[in-house]
Amino acid sequence: MQMIVIGAGAWGLPAAAELAERGHRVTLVDRYGPANPLSSSHGPTRIWRLADPDPAKITMTRQSLAAMERLSRIAGEPVFLRRGLVWRDSASALDAFEWALAMEGIPHLRLAADRVGSRFPGLVPDGRGAIFTSEAGPVLAEVSLRAQLLRFERAGGTLRIAHVVDVEAPVPTEAGTGDGPHRVHLAGGETLEADALVVAAGPGASALLERLGLDVPLRPHLEQVVHVADPAQPFDELPDLIDIASGDRPTLYAMTTPGVGFKLGLDAPLRDAEWGVDDDRTPDAARTALLLDYARTELGMRGAEVVDAKVCSWTDSPDGRFVIGTPLPGVTVACGDSGEGFKFSALMGLVLADLAEGVTPSVDLEPFRFDRFSGGGAGAGSGATAARASRAALAAPTSLGALAAPTSLGGTPEASA
Ligand SMILES: Cc1cc2nc3c(=O)[nH]c(=O)nc-3n(C[C@H](O)[C@H](O)[C@H](O)COP(=O)(O)OP(=O)(O)OC[C@H]3O[C@@H](n4cnc5c(N)ncnc54)[C@H](O)[C@@H]3O)c2cc1C
């Protein structure tokens, strides 16, 4: 089949690689290219962790670990590391979390408030205890995406650096996907055609889905991360840290980026982002100073200095769960990464490729259903929605809608997480 994947980030690129390896003719379209600095997927590391208050994500992480192991074998080097995780919170929250971990059979250790430093050397006690689990660490994001790009290229996929300004899906019939091809309109006037589409456009998803008549309440925004390093004190072996909000401080997440330093971020948006309009990725100096101060005073990294500060986009869904499905025949969508999507990147390649082929994936996608924000209504694949979609697209096939004209990467501030 001829497939078009829109978006070459942590979700679209693996899907394109998997589809190409399965023998499909795949065109991967991205406005700026794989893991570009304006995408959500740029940067060297992300956290993976089995421990999660959401059982749906635990199940998926287990499957993702297997997928990352496979990708590591293909890459010839690890795409993730096991360093463990320290999760600090109030006693009552830890009780509930511990119960959830026990139910899921996730090995863990409860640390008393004055023992948090036993698993995270330097972490200054603040009266709250923590949970340590060994099943966590950094995902090596760049290594992972490089391996996926190699797979894609070796399998003969075609990469197009282009801005998609409109998409069209044929009106479905009772019997099948409807007459005619799916169409992807590029800035500049070119139109690509395919038997099926995968839309994995990160913060750019809403605008494209709108063109298909699909309404998903997503909120893209910008976050900032900072790497700190201290030549006298390597941080490569430290576990991940999630220090849940305390006092005025929002939740803090942190992980090692081996060879670079320790990466910290606050779970607090810098500002909302509108894809294609808000391309400014200038770091906020006050946020940088706050994170450095936290590293020095709370993590015992007294000699730490800032190595880099990057601003990166992510896209929240209303309930913090992903939005994945086939809302129209031949149209597979994955969006609403909610700042947690990278640990599922390798798995997502398999899931999206299965969906694009019309095969039921091994992952239970019920919690991530596409139509859950529309009161369980017609959204997913109904003829009415598709017809509306197609009509909307045909009525204004070259309209930019909410999409802005493409801008060149040249001169764009370096970005990301
Ligand atoms: C600061 C920060 C910290 C994070 N921490 C973690 C973590 O610890 N653990 C974790 O698992 N995840 C984490 N994440 C989230 C993770 O990085 C994302 O979930 C993941 O990268 C999402 O990938 P994506 O492919 O959906 O989106 P993206 O990477 O944004 O890819 C979408 C692509 O689509 C392209 N595109 C969009 N619109 C168009 C268009 N109209 N035409 C052509 N191309 C288009 C873009 O150029 C982009 O390359 C974090 C994210 C940030 C920003």
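Both ligands and their constituent atoms are indexed starting at 1 by order of listing.
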Asks: If we only count N/O pairs under 3.5 Å, is Gln224 in contact with ligand 1?
Replies: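 So ligand 1 has no N or O lying under 3.5 Å from an N or O of Gln224.
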
Asks: For atom 29 (O) of ligand 1, tell me which residue out of Ala15, Gly9, Ser41 has the closest non-hydrogen atom.
Replies: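 Selected option, by shortest heavy-atom distance: Ser41.
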
Asks: Does any N or O in the side chain of Ser41 come within less than 3.5 Å of the main-chain N or O of Gly9, such that one atom is a donor and the other an acceptor?
Replies: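 Judged by distance alone, no pair lies under 3.5 Å.
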
Asks: For ligand 1, which is the ligand I care about here, please tell me if Gly341 has any N or O atom under 3.5 Å from one of the ligand's N or O atoms.
Replies: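 Right, the criterion is met.
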
Asks: For Phe80, which residues count as a ring-ring contact (aromatic ring centres under 6.0 Å, His included) partner, sequence neighbours excluded?
Replies: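 Testing Phe80 for ring-ring contact (aromatic ring centres under 6.0 Å, His included), a comparison that skips the adjacent residues, returns Trp48.
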
Asks: Would you kindly specify which portion of Ser345 sits under 4.0 Å from ligand 1, judged on non-hydrogen atoms: side chain, backbone, both or neither?
Replies: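 Neither part.
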
Asks: Just to verify, which of Glu168, Glu190, Arg211 counts as forming a side chain to side chain donor-acceptor pair (under 3.5 Å) with His185?
Replies: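 It is Glu168; the other options fail the test.
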
Asks: Check each atom of ligand 1 against the heavy atoms of Gly7 and keep those under 4.0 Å away; list them by number with element.
Replies: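 Atoms satisfying the 4.0 Å criterion: 33 (C), 34 (O), 35 (C).
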
Asks: Which ligand 1 atoms does Ala200 reach within 4.0 Å, using its non-hydrogen atoms?
Replies: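 Contacts of ligand 1 toward Ala200, numbered from 1: 32 (C), 34 (O).
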
Asks: Can you sort out which atoms of ligand 1 are near Lys343, meaning under 4.0 Å from one of its heavy atoms?
Replies: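 The atoms of ligand 1 under 4.0 Å from a heavy atom of Lys343 are 9 (N), 10 (C), 11 (O).
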
Asks: Among side-chain atoms of Tyr294 and Asp243, is any donor-acceptor pair under 3.5 angstrom?
Replies: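 Tyr294 vs Asp243: donor-acceptor pair found between side chains.
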
Asks: May I ask you to list the atoms of ligand 1 that are less than 4.0 angstrom from any heavy atom of Ser39?
Replies: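 Those qualifying, in numeric order: 28 (P), 29 (O), 30 (O), 48 (C), 49 (O).
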
Asks: Is there a donor-acceptor contact under 3.5 Å from the side chain of Thr251 to the main chain of Ala245?
Replies: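 The answer is yes, because a donor-acceptor pair under 3.5 Å joins these two groups.
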
Asks: For atom 6 (C) of ligand 1, which of His163, Lys57, Arg46, His42 has the closest heavy atom?
Replies: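 Among His163, Lys57, Arg46, His42, the closest heavy atom to atom 6 (C) of ligand 1 belongs to Arg46.
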
Asks: Short N/O distance, under 3.5 Å, between Met255 and ligand 1?
Replies: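 No, since none of the N or O atoms of Met255 sits under 3.5 Å from an N or O of ligand 1.
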
Asks: Counting both backbone and side chain atoms, is some N or O of Trp314 under 3.5 Å from an N or O of ligand 1?
Replies: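 N/O-N/O distance under 3.5 Å: no.
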
Asks: Between Tyr253 and ligand 1, does any nitrogen or oxygen pair lie at a separation below 3.5 Å?
Replies: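 So ligand 1 has no N or O lying under 3.5 Å from an N or O of Tyr253.
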
Asks: Any nitrogen or oxygen of Ser313, main chain or side chain, under 3.5 Å from a nitrogen or oxygen of ligand 1?
Replies: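 Min N/O separation from ligand 1 is not below 3.5 Å for Ser313.
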
Asks: Using a 4.0 Å heavy-atom threshold (strictly under), name the region of Val225 that reaches ligand 1: side chain, backbone, both or neither.
Replies: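 For Val225, only side-chain atoms sit under 4.0 Å from ligand 1.
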
Asks: With nothing but distance in play, are any N or O atoms of Glu223 less than 3.5 Å from an N or O of ligand 1?
Replies: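 Glu223 vs ligand 1: no N/O contact under 3.5 Å.
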
Asks: Is Gly339 in polar range of ligand 1, meaning some N or O pair under 3.5 Å apart?
Replies: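 N/O-N/O distance under 3.5 Å: yes.
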
Asks: Has ligand 1 got any nitrogen or oxygen that is less than 3.5 angstrom from a nitrogen or oxygen of Ile47?
Replies: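 Yes, Ile47 has an N/O under 3.5 Å of an N/O on ligand 1.
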
Asks: I'd like to know whether the aromatic ring centres of Phe120 and Phe132 sit less than 6.0 Å apart in this structure.
Replies: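 So the answer is no for these two rings.
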
Asks: With only distance considered, is Ala10 within less than 3.5 Å of ligand 1 through an N or O on each side?
Replies: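 Yes, since at least one N or O of Ala10 sits under 3.5 Å from an N or O of ligand 1.
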
Asks: Measure the acute angle between the ring planes of Phe97 and Trp87, then classify it against the limits of 30° and 60° as parallel, tilted or perpendicular.
Replies: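 Aromatic pair Phe97/Trp87 classed tilted.
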
Asks: I'd like to know if Ala35 contacts ligand 1, where contact means a heavy-atom distance under 4.0 Å to any ligand atom.
Replies: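 No; Ala35 lies far enough from ligand 1 that no heavy-atom distance drops under 4.0 Å.
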
Asks: Between His182, Arg183, Arg160, which is the residue that forms a side-chain contact (heavy atoms from CB on, under 4.5 Å) with Leu192?
Replies: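 The single option meeting the side-chain contact (heavy atoms from CB on, under 4.5 Å) with Leu192 is Arg160.
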
Asks: Taking the minimum heavy-atom distance to atom 47 (O) of ligand 1, which of Thr315, Val29, Asp30 ranks first?
Replies: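 Minimum heavy-atom distance to atom 47 (O) of ligand 1 goes to Asp30.
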
Asks: Taking heavy atoms and a distance under 4.0 Å, where does Asn36 meet ligand 1: side chain, backbone, both or neither?
Replies: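 Contact part for Asn36 vs ligand 1: side chain (C-beta onward).
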
Asks: Measure from atom 42 (N) of ligand 1 to every heavy atom in Ile161, Leu266, Val164 and give the option owning the shortest one.
Replies: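 Minimum heavy-atom distance to atom 42 (N) of ligand 1 goes to Val164.
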
Asks: Would you say CZ of Arg110 has more than 12 non-hydrogen atoms from neighbouring residues, nucleotides or ligands within 6.0 angstrom?
Replies: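 Yes, enclosed.
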
Asks: Within the 4.0 Å heavy-atom shell around Pro203, which atoms of ligand 1 are there?
Replies: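 Listed by number with element: 30 (O).
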
Asks: Using side-chain contact (heavy atoms from CB on, under 4.5 Å), reason through Glu340 and Arg49 one step at a time and then give a plain yes or no.
Replies: CA-CA 10 Å; Glu340 293 198 62; Arg49 58 188 158 88; 3.5 Å; yes

Asks: Whether the His221 and Ser313 side chains hold a donor-acceptor pair (N or O, under 3.5 Å, no angle test) is what I'd like checked.
Replies: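 There is no such pair (donor and acceptor under 3.5 Å, judged by atom type) between the side chains of His221 and Ser313.
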
Asks: Please determine, by modelled atom types, if Thr288 and Gln224 share a side-chain donor-acceptor pair under 3.5 angstrom.
Replies: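 Looking only at side-chain atoms, Gln224 and Thr288 do form a donor-acceptor pair, the distance falling under 3.5 Å.
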
Asks: With respect to Asp319, which candidate in Arg372, Arg219, Arg369 satisfies the salt bridge (Lys or Arg N to Asp or Glu O under 4.0 Å) definition?
Replies: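 Considering Arg372, Arg219, Arg369, a salt bridge (Lys or Arg N to Asp or Glu O under 4.0 Å) with Asp319 is found only for Arg372.
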
Asks: Decide whether Glu142 and His42 meet the rule of one side-chain donor and one side-chain acceptor closer than 3.5 Å.
Replies: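 There is no such pair between these side chains.
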
